[in-house]
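All ligand and atom numbering here is 1-based and tracks the order in the structure.
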Amino acid sequence: MAIDLRSDTVSHPSPAMRRAMASAVVGDDGFGDDPTVQRLEVMAAQRLGKEAGLFVSSGTMGNLIALLTHTERGDEVIAGEQCHIVLAEVAGSAALGRVQLRTVPNGPRGALDSGRVRALIRPENVHFPRTALICLENTHNRCNGAALSRDEMAPVAAVAREAGIPLHIDGARIFNAAVAQGVHPADLVAEADTVQFCLSKGLACPIGSMIVGSGDFIRRARRYRQMVGGTMRQSGVLAAAGIIALEEMVGRLAEDHANARRLAHGLASIPGLACDAGVVETNILYYSVSGMPAPAFTAAMEARGVLVGGNRMVTHYGISESDIDEALSAARAVMSAGVPA
Ligand code: TLP
């Protein structure tokens, strides 16, 4: 099998997940009577210190439902210009929620400057949209997978609180952020009103994300999940994997982080490749190729059984230290062979 470093979304469910899925007690979640989904929703909320949780099919759907629930048509949402909601969610909030995203430059680690955020909050004026939501992302995918600390997020959280505006965290990889810093995930997101996190990335579930927040928020979000066709039926089969993810897969993320650092240091030592290993904090690394066109590099790596992104590699469950060493040998061989004439 190929060594697949394109994303952590490619991770396969663990044997324990497959067993739990096969024996899951299910109901019909549309009628609210799937006990395994209910258990996962309670567990997710507890892990992140919120009142309630909602199981959804993807991170994109989780962020979309959160935005729909927080906003009204014509509202404005402040978010970082490099964040996934702005760059890679098909403008769902505009298309389906009819809200406008207003962007702030991200710092090198993905943080937002609280002064810039404050300056964008709309005062009361008949001409202006209402600022309805502020979004942060943690870990920050495009900013080297940086794990933002609670202190780094606190100034923006304070601005949001002062202005009475809710704060949403796209925490697709919030457990990576917590593990990287050795903090409890609930502490990390204590100042957020809502969080979306993915079960299907580093936590290795086949499908699924969670939204967590207040009981009232989740009750309203449930209606938007229904609206976008996201209510599932015997979804306990999927939730069973989510429960294993929260019980068994969080601690091991440290292994992925160590593997990403090993990979980054190795890449940095290969002539024609550049990678700043010093900024790698979690399971994502960015690299560049100067010795040949990037597509030639990815194609040659693929020919050697290693799948990589054009400028990014991601470690995850199923990738071992020896896979990293194999990927590095492939990269060394590709770069020393050069581009075929
Ligand atoms: N990220 C994926 C996709 O862009 C393909 C990746 O490979 O990194 N928030 C963040 C920060 C994300 O990185 C992603 C997915 C999502 C939300 C959306 O999650 P899904 O893919 O479950 O819709």
Does any N/O atom on Asn141 come nearer than 3.5 Å to any N/O atom on ligand 1?
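For ligand 1, there is an N or O atom that lies under 3.5 Å from one belonging to Asn141.
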Is Ser7 close to ligand 1, meaning an N/O of one under 3.5 Å from an N/O of the other?
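Yes; the residue has a nitrogen or oxygen that sits under 3.5 Å from a nitrogen or oxygen of the ligand.
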Quick check on Arg6 - does any of its heavy atoms sit under 4.0 Å from an atom of ligand 1?
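Arg6 does not count as a contact of ligand 1 under the 4.0 Å cut-off.
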Hey, is Met61 one of the residues with a heavy atom under 4.0 angstrom from ligand 1?
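Flag not set, Met61 not near ligand 1.
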For ligand 1, indicate whether the residue Arg173 contacts it via side chain, backbone, both or neither (heavy-atom separation under 4.0 Å).
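Contact part for Arg173 vs ligand 1: side chain (C-beta onward).
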Considering only heavy atoms, does Ser58 approach ligand 1 within less than 4.0 Å through its side chain, its backbone, both, or neither?
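The answer is both.
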Classify the side-chain pair [X]/[Y] by whether it contains a donor and acceptor separated by less than 3.5 Å.
X	Y	answer
His316	Asn283	no
Gln196	His168	no
Ser322	Asp325	no

Side-chain contact, heavy-atom cut-off 4.5 Å: Phe297 with Val308?
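Heavy-atom side-chain distance check passes, below 4.5 Å.
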Under 3.5 Å, is there a donor-acceptor pair between the side chain of Asp29 and the main chain of Asp34?
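It does not hold such a pair.
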Provide the closest heavy-atom pair for Lys50 versus Ala192 in the form atom of the first, atom of the second, distance.
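Looking at all heavy atoms of both residues, the closest pair is NZ-O, 2.7 Å.
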Would you call the rings of His70 and Phe217 parallel, tilted or perpendicular, taking 30° and 60° as the class edges?
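It falls in the tilted class, 30° to 60°.
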Nearest neighbour in protein (non-hydrogen) for [atom]:
atom	answer
atom 14 (C) of ligand 1	His84 NE2, 3.2 Å
atom 9 (N) of ligand 1	Asp170 OD2, 2.7 Å
atom 23 (O) of ligand 1	Thr60 OG1, 2.6 Å
atom 22 (O) of ligand 1	Gly59 N, 2.8 Å

Strictly below 4.0 Å, N to O, side chains only: are Glu281 and Arg173 in salt-bridge contact?
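Salt bridge absent between Glu281 and Arg173.
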Are there protein heavy-atom neighbours of atom 6 (C) of ligand 1 below 4.0 Å?
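For atom 6 (C) of ligand 1 the answer is yes, since some protein heavy atom falls inside 4.0 Å.
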Relative to atom 21 (O) of ligand 1, which among Lys201, Arg312, Gln196 owns the nearest non-hydrogen atom?
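Minimum heavy-atom distance to atom 21 (O) of ligand 1 goes to Lys201.
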Pick from Val104, Leu167, Val77, Asp193: which one makes a side-chain contact (heavy atoms from CB on, under 4.5 Å) with Ile134?
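The passing option is Leu167.
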Numbering as shown, the atoms of ligand 1 that approach Glu137 to under 4.0 Å (heavy-atom distance)
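Close to Glu137: 11 (C).
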